[in-house]
Protein chains: 2
Amino acid sequence: MTSTEEDYIKAIFSIAQGTANRMVGTNDIAREMDTSAASVSDMLKKLNSKELVIYEKYKGVRLSPNGTERAMFLLRKHRLWESFLVNKLGFAWDEVHDIAEQLEHVKSNELVNKLDAFLGYPKFDPHGDPIPDSNGTITLRNQVLLNTLEIGDEGTLIGVKMHNKDFLAHLNGLDLNIGTSIKVTECFPFDNSLKIMVNGKSEAYVTEIISKNIYLKKTS
Amino acid sequence: MTSTEEDYIKAIFSIAQGTANRMVGTNDIAREMDTSAASVSDMLKKLNSKELVIYEKYKGVRLSPNGTERAMFLLRKHRLWESFLVNKLGFAWDEVHDIAEQLEHVKSNELVNKLDAFLGYPKFDPHGDPIPDSNGTITLRNQVLLNTLEIGDEGTLIGVKMHNKDFLAHLNGLDLNIGTSIKVTECFPFDNSLKIMVNGKSEAYVTEIISKNIYLKKTS
DNA sequence: GTCTATTTTTAGACAAATCTAAAAATTATT
DNA sequence: AATAATTTTTAGATTTGTCTAAAAATAGAC
């Protein structure tokens with residue numbers, strides 16, 4: 001599988017959310033990958049002939065069992081490298097995506113498994129996303145979005161839904177990181193914004209777009 | 001610069017030995033890269049137009065100052081990754097070349113410098129080759145080839161000249177590694193083979209092809 | 001110095017991945 | 001159901017790096 005094919009597999013998986021393996025449209029993929037629908041069409045034919053996807057003209061495409069396995073392995077590699085970059089090399093969580101995107105294309109199973117061991121078999125990456133283990137299975141957690149909490153509720157930040165660089169950098173500015181404790185002190189129903197207590201010492205004001213993209217583990 | 005261009009720059013540097021930046025022939029590059037002379041010819045034209053090499057038809061090619069800088073940076077990346085693979089992930093020295101070959105094409109100066117820091121700014125890689133620092137300067141050592149020693153001479157193995165996988169694996173079998181102490185106990189002028197004492201405890205017999213590819217720091 | 005032999009370059013073709021523009025199929029509107 | 005709008009596919013061209021086969025230049029032998 002070429003790097004480009006891998007990128008398509010990843011995009012299809014990502015659009016289908018990993019969830020139901022639902023049908024995905026040509027234009028969706030083109031948008032996600034910033035390329036033309038014509039290019040996507042060509043590639044889908046190719047991936048179909050390699051039995052990595054199930055593709056019907058004009059209908060859409062979804063990953064085959066084989067393709068899903070590949071996607072999980074790519075996810076594993078991506079998230080392990082992100083963990084390495086943040087936990088070992090000292091990058092910030094908003095700086096690692098593009099580099100991990102390159103590293104994940106390096107071909108060597110031995111490398112991935114040794115990296116996994118070196119990192120201590122982490123189950124979650126620096127954004128709180130689950131890392132598939134060497135069998136492709138992932139660990140799930142009880143997590144709720146910040147915008148579902150009510151006044152007085154508390155929790156610990158364990159992940160983010162949006163991976164946008166600007167969003168992550170903004171969270172840095174608010175002192176919101178993995179492990180940060182959060183308590184909701186005020187709700188403004190008008191625009192669904194919140195006032196929160198951060199780590200028990202500073203206050204922060206968060207808009208709905210933010211609270212809808214932060215995962216917490218509720219502590220009370 | 002594409003990955004392929006990088007590979008050509010590396011090959012030219014490698015053939016010219018990094019030493020005198022001497023002229024290199026088209027066929028030499030084709031042999032080194034396992035490709036056709038025609039492909040090399042095409043690429044040299046391209047690298048010349050990008051001013052990475054100085055190329056004259058039918059004469060040969062050598063790296064421009066710009067190209068040399070690129071080559072040093074690639075060497076730095078390759079050797080830092082090899083150090084990481086051996087010292088952090090636990091690979092053996094004969095297993096890392098192909099993986100480092102892929103890792104060295106990852107684009108991010110920040111990554112290289114953070115990796116360098118993480119490794120403790122090593123000056124030599126797992127094969128004893130010098131690692132260029134962030135300015136591109138390399139540290140040289142007093143080193144002699146094992147085949148230049150005489151009976152009674154002692155030294156410490158600090159590097160290898162040949163990087164062939166089979167050669168390195170063979171040295172593993174003889175307990176010869178970086179740091180191993182060696183004393184020459186017998187010379188056989190007939191075929192220039194040697195008998196040596198390894199780490200003061202076991203004896204080994206080495207042929208000329210081996211002794212010509214092991215660098216030592218003489219201790220007496 | 002001429003005639004081979006070798007090296008190197010050109011010419012033309014191919015595969016992978018992409019693009020634009022146009023045609024075909026599907027979906028939405030009324 | 002007919003027409004309009006959207007989505008998707010095909011057709012044909014382009015770029016990068018590669019190849020083989022043939023031509024041109026250089027080097028070696030006598």
Side-chain angles (χ1 to χ4, degrees), chain A residues 1-16 22-64 67 70-71 74 98 101-102 104-107, chain B residues 1-16 22-64 67 70-71 74 98 101-102 104-107:
Chain A
M1 193 161 49
T2 66
S3 278
T4 313
E5 289 170 350
E6 289 185 341
D7 288 336
Y8 276 94
I9 294 291
K10 267 184 57 189
I12 295 167
F13 184 85
S14 163
I15 294 166
R22 67 174 169 77
M23 221 68 167
V24 164
T26 303
N27 262 342
D28 300 328
I29 300 170
R31 198 163 19 249
E32 169 87 8
M33 299 192 65
D34 199 32
T35 186
S36 71
S39 303
V40 175
S41 234
D42 286 346
M43 182 55 86
L44 292 184
K45 246 182 293 179
K46 187 174 159 196
L47 292 175
N48 189 64
S49 77
K50 289 193 174 192
E51 304 197 343
L52 292 165
V53 302
I54 291 134
Y55 166 58
E56 281 183 278
K57 274 190 196 176
Y58 294 105
K59 295 284 174 59
V61 72
R62 62 195 171 84
L63 293 181
S64 71
R70 303 296 192 106
L74 287 166
D98 292 349
E101 198 88 345
Q102 298 179 66
E104 79 193 3
H105 291 304
V106 173
K107 265 135 193 89
Chain B
M1 193 160 49
T2 67
S3 277
T4 314
E5 289 170 351
E6 288 185 342
D7 288 336
Y8 276 95
I9 294 292
K10 266 185 58 188
I12 296 166
F13 184 85
S14 163
I15 294 166
R22 67 174 168 77
M23 221 69 168
V24 164
T26 303
N27 262 342
D28 300 328
I29 300 171
R31 197 162 19 250
E32 169 89 8
M33 299 191 65
D34 199 32
T35 186
S36 71
S39 302
V40 175
S41 234
D42 286 345
M43 182 54 88
L44 292 184
K45 246 182 292 180
K46 187 174 160 198
L47 292 175
N48 188 64
S49 77
K50 289 192 172 190
E51 303 197 342
L52 291 165
V53 302
I54 291 133
Y55 167 58
E56 281 183 279
K57 274 189 196 175
Y58 294 105
K59 296 284 175 59
V61 71
R62 62 195 170 83
L63 293 180
S64 71
R70 302 296 192 107
L74 286 166
D98 293 348
E101 199 87 345
Q102 297 179 66
E104 80 193 0
H105 292 304
V106 172
K107 266 136 192 90

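Below, read A as the first sequence line, B as the second, and so on, with proteins coming before strands; counting in each chain starts at 1. Since the structure is predicted, the reported quantities are computational estimates derived from the model, not experimental observations.
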How many Å lie between [atom1] on [X] and [atom2] on [N], as a whole number?
X       : N      : atom1 : atom2 : result
A:Asp42 : C:dA21 : CG    : C1'   : 14 Å
A:Met23 : D:dT8  : CE    : C1'   : 13 Å
A:Tyr58 : C:dT27 : OH    : P     : 12 Å
B:Lys50 : D:dT15 : NZ    : C1'   : 12 Å
A:Ile29 : D:dT9  : CD1   : C1'   : 14 Å
B:Met43 : C:dT10 : CE    : P     : 15 Å
A:Arg31 : D:dT6  : CZ    : P     : 13 Å
A:Glu6  : C:dA16 : CD    : P     : 16 Å

Is any side-chain nitrogen or oxygen of [X] closer than 4.0 Å to OP1 or OP2 of [N]?
X       : N      : result
A:Lys45 : D:dT10 : yes
B:Ser39 : D:dT18 : no
A:Thr2  : C:dA16 : no
B:Tyr8  : D:dT18 : yes
B:Thr35 : D:dC19 : yes
A:Asn27 : D:dT8  : yes
B:Tyr55 : C:dT9  : yes
B:Lys57 : D:dT26 : no

Legend entry - Ion pair A:Glu5/A:Lys50, N-O distance below 4.0 Å: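 Yes.
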Legend entry - Electrostatic pair A:Glu101-A:Lys10, nearest N-O below 4.0 angstrom: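 Result for this pair is yes, salt bridge flagged.
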Inset, instruction - Mind checking B:Ser36 for me? I need base, sugar-phosphate or nothing, with any heavy atom below 4.0 Å counting as a touch. - result: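 Here B:Ser36 touches the bases of the nucleic acid.
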Legend entry - Along DNA chain C (nearest heavy atom to each residue), the more 5'-positioned of A:Lys59 and A:Ser3: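 Checking each residue's closest nucleotide, the 5'-ward one belongs to A:Ser3.
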Inset, instruction - Please answer whether the main-chain N or O of A:Ile12 pairs with a side-chain N or O of A:Arg62 as donor and acceptor at a distance below 3.5 Å. - result: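 No; judged by distance alone, with no hydrogens or angles, the pair does not exist.
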Legend entry - Out of C:dT18, D:dT9, D:dA21, whichever nucleotide has its closest atom nearest the side chain of A:Thr4: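 So the nucleotide nearest the side chain must be C:dT18.
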Inset, instruction - Go through C:dT18, D:dT20, C:dT8 for me and flag the one nearest to the B:Ser41 side chain. - result: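 When the side chain of B:Ser41 is considered, C:dT8 is the closest of C:dT18, D:dT20, C:dT8.
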